[in-house]
2 protein chains.
Amino acid sequence: MLLSDQAGQTAAPKIPRPATLRESVIEAIQELIVSGQLKPGQHLVESELAELLGVSRQPVREALQQLSGEGWVDLHPGQGAFVHVPTVEEADQLLAVRALLETESARLAAKHAGEDGVRRLRDLCARGIAAVQSDDVDGAVATNSELHALVTALSGNKVLAELAAQVARRVRWYHTPVARQRGMASWDEHTSLIDAIEAGDERRAAKIMREHTEHTRASYMEQRENEPAEPAPAPVRRRRPRRLG
Amino acid sequence: MLLSDQAGQTAAPKIPRPATLRESVIEAIQELIVSGQLKPGQHLVESELAELLGVSRQPVREALQQLSGEGWVDLHPGQGAFVHVPTVEEADQLLAVRALLETESARLAAKHAGEDGVRRLRDLCARGIAAVQSDDVDGAVATNSELHALVTALSGNKVLAELAAQVARRVRWYHTPVARQRGMASWDEHTSLIDAIEAGDERRAAKIMREHTEHTRASYMEQRENEPAEPAPAPVRRRRPRRLG
DNA sequence: TTTTGGTCGACTGCCTACAGCATACCGTTT
DNA sequence: AAACGGTATGCTGTAGGCAGTCGACCAAAA
């Protein structure tokens, strides 16, 4: 039997490629941003990040450019990279777009998903519920992303899935802190969503997904109301001041 | 009067920044791709592009990475960049996503657009019709893009507009050749779309936009039917063969 | 003939180095 | 006191260079 005969049948082994430095740097910087070590508006000096991460400037530059494309940092030509300052308005718009993309994904998933897809959905849902019950917030958030990603994948539209994934990554930045308060309710909605997909009921799947994303959005806006404690009105320091001499 | 007083009142001067080399290279490569000088599946060798464009490898590298993020080229780690091979299936999916995004944009535009916005729409529409009547295909396509971009901008959702723009750029790659056959009909639809937006009729605006984009899609698929003359089933040459020696 | 091992060439990924620009600082002028 | 011009410096944008790696090709073995 030729090896190519079984290609695509089972999940590819996906040997853990020693990913390029650039990709590692991207993930590292994202982590620094979501964890708050890099604050919104902060000037990201290439050489400093390079030293911090133990690499040279080149991979850092490339990472910053990619991150700029995904909305994590803003690139000012000739001036450098700055951590994107997320506004409430933008979060609202982002969540609206996510709602749009995921609603359509759910509709298409209900149309195209087969038994196998539904089984994987149920599996993920169970994992998510387990995570919530054991107070594993990070795990719950991760599983939530996986589930939404799977729904978009089941839509059968790869372009749509890719776009939704991109938007979802950005949403996650805002989303993580509110995940705790949504808690279990979110997973009940997931369950009924999967029911609708299994039944092939496009309208119901779309409706549930729209309401689901709207709930998340409302939850976010509500949390924002409660803590309008913007630490600082963004003292966007564009350049490091010279050391006094 | 301080200079800052008039900031934002008139359109910013937008001094024609001698844009970074990277951006120039991006546009140059996009042009090479849409014009067909770089064929789908072709291996893009950094040093060759660098010499061709008269710059060093670095800006080329960065340009290729950004283009990969937008779906123009595929990046295979350790192997290089290849011009993306567009499939019919993908074009269909892309057009479907565009329909989704633009339909929502139209709906929101009807909700939020003011007099000024409508005036600018009518202006663009007139320019487009003039272009068609004088057989200026390139001008018509460009104006078409501008008009759609303005509709998304009038939606008031910047994230949505940005995403729609990204999708539209990719669509344009496929779209240009079919523009001729759509011709005038397209602009009649634009006119009724603007009427609906002016009237603030969300449902009608959305409906017209959906039908409009569906027409474009149907037109594309039809053209594809007539010329399934895929020159070659993508002899995806992954590496340049060694010079015989 | 098909498979296996080895060599060569080419290209990518990364690092280092340099030139130009933009900002901050500071003395001078109005 | 405020505005202006000169100067120093940190940082970006770009170039060039080196090592590692992947594929093509070829020869030998099964």
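We name chains A, B, ... by the order of the sequence lines, and we start the count at 1 in each one. Note that the structure is a prediction, hence the values are computed from the model and not measured.
- Within the nucleic acid shown, B:Leu64 has no heavy atom closer than 4.0 Å to any nucleic acid atom.
- For B:Glu27, there are no side chain to side chain donor-acceptor pair (under 3.5 Å) partners at least two apart in sequence or on another chain.
- Side-chain proximity of A:Gln79 to C:dT12, C:dT23, D:dG23: nearest is C:dT23.
- Look at B:Arg120 and B:Asp123 and you find no salt bridge, because none of the NZ, NE, NH1 or NH2 atoms lies under 4.0 Å from a carboxylate O.
- If you take CD of A:Glu23 and C1' of C:dT12, they are 14 Å apart, rounded to a whole angstrom.
- Between the P atom of C:dG13 and the CD atom of A:Gln66 lies a distance of 12 Å, rounded to the nearest Å.
- For the side chain to side chain contact (heavy atoms under 4.5 Å, CB included) with B:Gln30, the qualifying choice from B:Val25, B:Leu67, B:Leu38 is B:Leu67, the only one to do so.
- For the residue pair A:Glu62/A:Gln66, the side-chain donor-acceptor check at 3.5 Å is not satisfied.
- At least one donor-acceptor pair closer than 3.5 Å links the side chain of A:Gln42 to the backbone N or O of A:Lys39.
- Distance CZ (A:Arg22) to C1' (D:dG20): 17 Å, rounded to an integer number of Å.
- Atom NE2 of A:His76 is separated from atom C1' of D:dG10 by 18 Å (rounded to the nearest Å).
- No contact: A:Leu75 has no heavy atom under 4.0 Å from any strand.
- A donor-acceptor pair shorter than 3.5 Å can be found between the side chains of A:Glu90 and A:His84.
- Atom CD of B:Glu46 and atom P of C:dC14 are 11 Å apart (whole Å).
- For the pair A:Arg61 and D:dT12, the criterion of a side-chain N or O lying under 4.0 Å from OP1 or OP2 is not met.
- Residues A:Pro40 and A:Val83 share a closest heavy-atom pair of CA-CG1, 3.7 Å.
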Interface polar pairs with nucleotides 15-18 of chain D, N/O, under 3.5 angstrom:
{"from": "D:dA15", "atom 1": "OP2", "to": "B:Ser56", "atom 2": "N", "distance (Å)": "2.7"}
{"from": "D:dA15", "atom 1": "OP2", "to": "B:Ser56", "atom 2": "OG", "distance (Å)": "2.8"}

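- Going from atom CD of A:Glu51 over to atom P of C:dT16 covers 12 Å, rounded to whole Å.
- Contacts of residues 25-33 of chain A with DNA chain D (heavy atom under 4.0 Å): none.
- Put simply, the side chain of A:Ser68 never gets that close to the backbone of A:Leu64: no donor and acceptor are under 3.5 Å apart.
- Among residues two or more places apart in sequence or in another chain, the side chain to side chain donor-acceptor pair (under 3.5 Å) test is passed with A:Arg57 by A:Glu46.
- Using a cutoff of 4.0 Å between basic side-chain nitrogens and carboxylate oxygens, A:Glu70 and A:Arg169 are scored as salt-bridged.
- Ring geometry for A:His148 versus A:His190: interplanar angle over 60°, hence perpendicular rather than tilted (30 to 60°).
- Axis angle across the helix from C:dT1-D:dA30 to C:dT30-D:dA1, with five pairs used at each end and values rounded to 10°: 20°.
- Shown here are the side chain to side chain donor-acceptor pair (under 3.5 Å) partners of A:Glu146, two or more places apart in sequence or in another chain: A:Arg127.
- Rounded to an integer number of Å, the gap from A:Glu62 CD to C:dC15 P is 10 Å.
- Contact annotation: B:His43 reaches the phosphate of C:dT12 (side-chain N/O to OP1 or OP2, under 4.0 Å).
- Atom CD of A:Gln65 is separated from atom C1' of D:dT12 by 11 Å (rounded to the nearest Å).
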